[in-house]
Each structure stands twice: as C-alpha cells, then as structure tokens.
Amino acid sequence: MDGTLAYCSRCKKNRVMVFREHSGEKVCKACFLREIESRVRKTISRFKMLDNQDKIALAVSGGKDSVVLAKILFSIHANLITQQEKKGKPPVMITIDEGIEGYRKESLEIAKNLARELNIKHIVFSLENEFGMGLDEVVAGVNAGEVDLGTNLDVNDEQLKNASKILFKPCSICGVLRRRILNDIAKGIGATKLATGHNLNDEVETFLLNMFKGDVNRLERAASLLLESAGPFVKKIKPLRNLLQKDIVLYLYHTKGDFQDTPCPYSREEGIYRGEIQGILNSLEQNHPGTLYNIKKFMDEMLPAISKPVVQENLSNCPSCGSPKSKRLEKCMPCYYIEKIYGKNYGDVIGKFIDSIN
Ligand code: SF4
Ligand code: ZN
C-alpha cells in the first residue's frame with residue numbers, strides 16, 4: 001500500500017483519524033475538528049444568527065447535541081461572547097429538569113459541570129419543584145385516569161377521545177412545556193437569541209415528516225422562523241443545523257467531551273413515523289453518502305421561496321397568559337396543561353420563577 005495514504009488528505013502532515021464518507025477524504029483529527037467548527041461558523045454567518053448586541057440563552061440538556069453546541073460556540077465565538085459580556089449581556093445556560101427517573105439526573109450533572117467549565121450562569125427549571133410533580137408522576141396520573149382531560153378544542157366527544165390520546169402522551173406534554181418554559185425564561189432574563197442543539201438529522205427528518213404528511217403550514221412556518229423574527233417569542237437559532245449526528249458524536253469523542261448517552265425512556269413513544277423516516281435516511285446515507293447534506297441544501301434553497309408570514313387572522317391571544325395561540329384553542333397549550341394537570345396558572349408560576357432568578 002502507498003505509505004502517503006496514511007496521511008491526512010487535507011494538511012498532508014498528520015496521521016489519518018477520520019474517513020469523510022461524503023467527500024471520500026481521509027483526514028486527521030485537527031482537520032476534522034476544524035471542518036466541524038467551520039461548518040458551524042458558516043451556518044451562523046449565513047443565517048445572521050448572532051451579533052455582538054445579542055444576549056444568548058443556551059438550551060442545554062446535557063445530551064450530545066447541546067454539549068457540542070455550547071462547546072463550539074465558546075470555541076469559535078469567544079471574542080463575540082466577550083464583547084457581549086462587556087455590554088452586560090453574558091450568555092446563560094438553561095436546563096429543564098422534567099423529572100424523568102434514570103435519565104435527567106445524569107444529564108443535569110453534565111450540564112452543571114459544563115456551565116462550571118465555561119464559567120457561565122446556569123438556570124435549572126424543575127417541573128417537580130415549580131409545579132409540584134415531575135413528568136413520571138404526571139404520566140402515572142394520566143394513565144390512572146386521575147387527570148380530568150377536559151377539552152381545549154371545540155370538538156365532539158369522539159374527536160376529544162382521539163385528541164386526548166395524543167395530547168396527553170409524555171412527549172406531547174414535555175415538548176410543549178419545555179419549548180415554552182425555555183422561551184419564557186430566555187425572555188425573562190433579556191435574552192435576544194435562544195440557541196438549541198438541533199442537528200442536520202433532526203432538521204431533515206422534520207422536513208420530510210411535514211412533507212410526507214402534507215403539512216404545508218408547518219413547512220412554511222419553519223421557513224419563516226429560519227429567516228425572520230419570531231414575533232413575540234425569543235428568536236430561536238440552530239447553529240448545528242449543518243452537522244450530522246454522527247459527526248457530533250465524533251467531535252465529542254475527539255474533544256473528550258462528556259455527554260449523556262442513555263435515551264429518554266419515553267423516546268420510544270415519540271413517534272413511529274419519525275423512527276421510520278430515520279431508518280430510511282440511515283439506509284440512504286449508508287448507500288449514498290452525502291444524501292442528508294443534499295436534502296439540507298435543497299431545503300435551504302427551497303424554504304426561503306415558500307416562506308410566508310404567519311397569518312394573523314388564525315391567531316388570537318390566550319385569555320390566561322396573553323401569548324399568541326391558534327384561534328381553534330380556548331387557551332394556549334402550556335396554560336391548558338398546567339391548569340388540567342396541576343390545577344395552577346402557568347403565568348403565575350413562571351412569573352414567580354423569573355422573579356426569583358433575576
Ligand atoms: Fe421529553 Fe419525550 Fe424527549 Fe423524553 S423523549 S425528553 S419525554 S420529549
Ligand atoms: Zn396561555
């Protein structure tokens with residue numbers, strides 16, 4: 001075998017450590033890390049995600065994506081972050097502790113250690129501490145029929161039965177509450193950007209899921225959020241949206257980053273459809289490396305063309321907290337869940353929490 005093959009095809013100096021299937025290159029560790037960081041830098045710049053006037057709230061669960069998000073941002077944008085700090089706008093990390101036995105405790109420790117390592121403020125919102133019950137207890141109560149599901153929609157009994165099956169799944173409750181709590185805390189501390197660790201696989205899966213379901217509204221909304229302001233919500237940014245999941249794992253391996261590997265026990269319930277799409281994409285990527293990048297390229301070219309502002313006629317304000325909600329709903333979903341499950345007012349609880357951290 002030709003001895004030169006053992007050296008990095010980019011720098012020609014170091015030993016090969018990583019095979020880049022999509023380009024056919026064999027690269028060293030330093031060139032691999034540089035490529036990953038450069039991808040994130042380009043994504044941030046292309047979509048104008050950050051500037052020195054921003055205050056960044058980082059959603060960090062302690063899983064691989066959010067750990068890499070925090071590490072890379074502090075590595076490639078150290079100067080920008082210093083400028084933000086000088087303006088009195090230091091970044092803040094937020095973790096939601098849903099109360100999931102055997103899962104969240106470990107990742108919470110990882111998130112705490114990371115905040116210490118990066119020397120940034122870490123806010124932890126615990127469902128159990130703030131509302132009175134963690135997700136496990138809520139799920140047990142729902143399964144035992146102890147929660148009066150009621151209705152948040154103008155529907156008949158049969159439709160309500162079907163809607164409740166979806167509405168009260170663990171991931172439905174968890175997803176709605178986590179998204180809203182993250183937004184409200186970010187807003188409450190004056191953050192202008194909420195950074196999440198969504199990666200390329202997540203983005204492509206969601207795109208295909210919406211496409212296969214013919215959900216044009218969601219596709220249009222995703223396009224609008226990518227390009228425009230987020231209205232009353234804190235603008236979400238996804239700096240890792242051009243990184244493959246496997247590259248994120250590899251980046252952590254090579255930078256010796258700690259992350260939680262155990263999947264959430266409820267993740268099996270997250271959706272069989274998404275799981276099927278993951279399977280199709282994995283097989284396509286294996287047989288035709290680069291497929292995910294190509295779909296993503298198509299998305300980035302195509303989404304701006306279909307971007308439409310959210311139609312205001314379909315929106316009204318939640319009578320409980322004042323946030324925008326679909327006109328079909330009586331209340332916004334977080335207010336509905338918190339009232340039905342905990343018998344509390346969402347706005348009161350989150351308001352008190354924000355007062356306590358400011
Ligand atoms: Fe929440 Fe479901 Fe994700 Fe678990 S898998 S953290 S329950 S959204
Ligand atoms: Zn509300």
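Counting begins at 1 with the first residue of the sequence. One-based numbering, in listed order, for ligands and for the atoms of each.
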| task | For this output row, return yes or no: ring centroids of Phe353 and Phe131 closer than 6.0 angstrom. | result | no

| query | From Cys174, does some N, O or S atom reach closer than 2.8 Å to atom 1 (Fe) of ligand 1? | reply | yes

| query | Can we say Arg180 and Asp184 salt-bridge, meaning some charged N sits less than 4.0 Å from an Asp/Glu carboxylate O? | reply | yes

| Taking atom types as modelled, is there a side-chain donor on Glu98 or Tyr103 under 3.5 Å from an acceptor on the other? | no

| About how many Å separate CD1 of Ile237 and OG1 of Thr196, when rounded to the nearest 0.5 Å? | 8.0 Å

| query | If you count the atoms of ligand 1 from 1 in the order shown, which ones are under 4.0 Å from a heavy atom of Tyr266? | reply | 7 (S)

| query | Which bit of Cys264 gets closer than 4.0 Å to ligand 1, counting heavy atoms only: side chain, backbone, both or neither? | reply | side chain

| request: List every atom of ligand 1 that sits less than 4.0 Å from any heavy atom of Arg178, numbering the atoms from 1 in the order shown and giving each element. | output: 6 (S), 8 (S)

| Any luck finding a side-chain donor-acceptor pair between Asn242 and Tyr293 under 3.5 Å? | no

| query | Going by the order shown, which atoms of ligand 1 are within less than 4.0 Å of some heavy atom of Ser267? | reply | 5 (S)

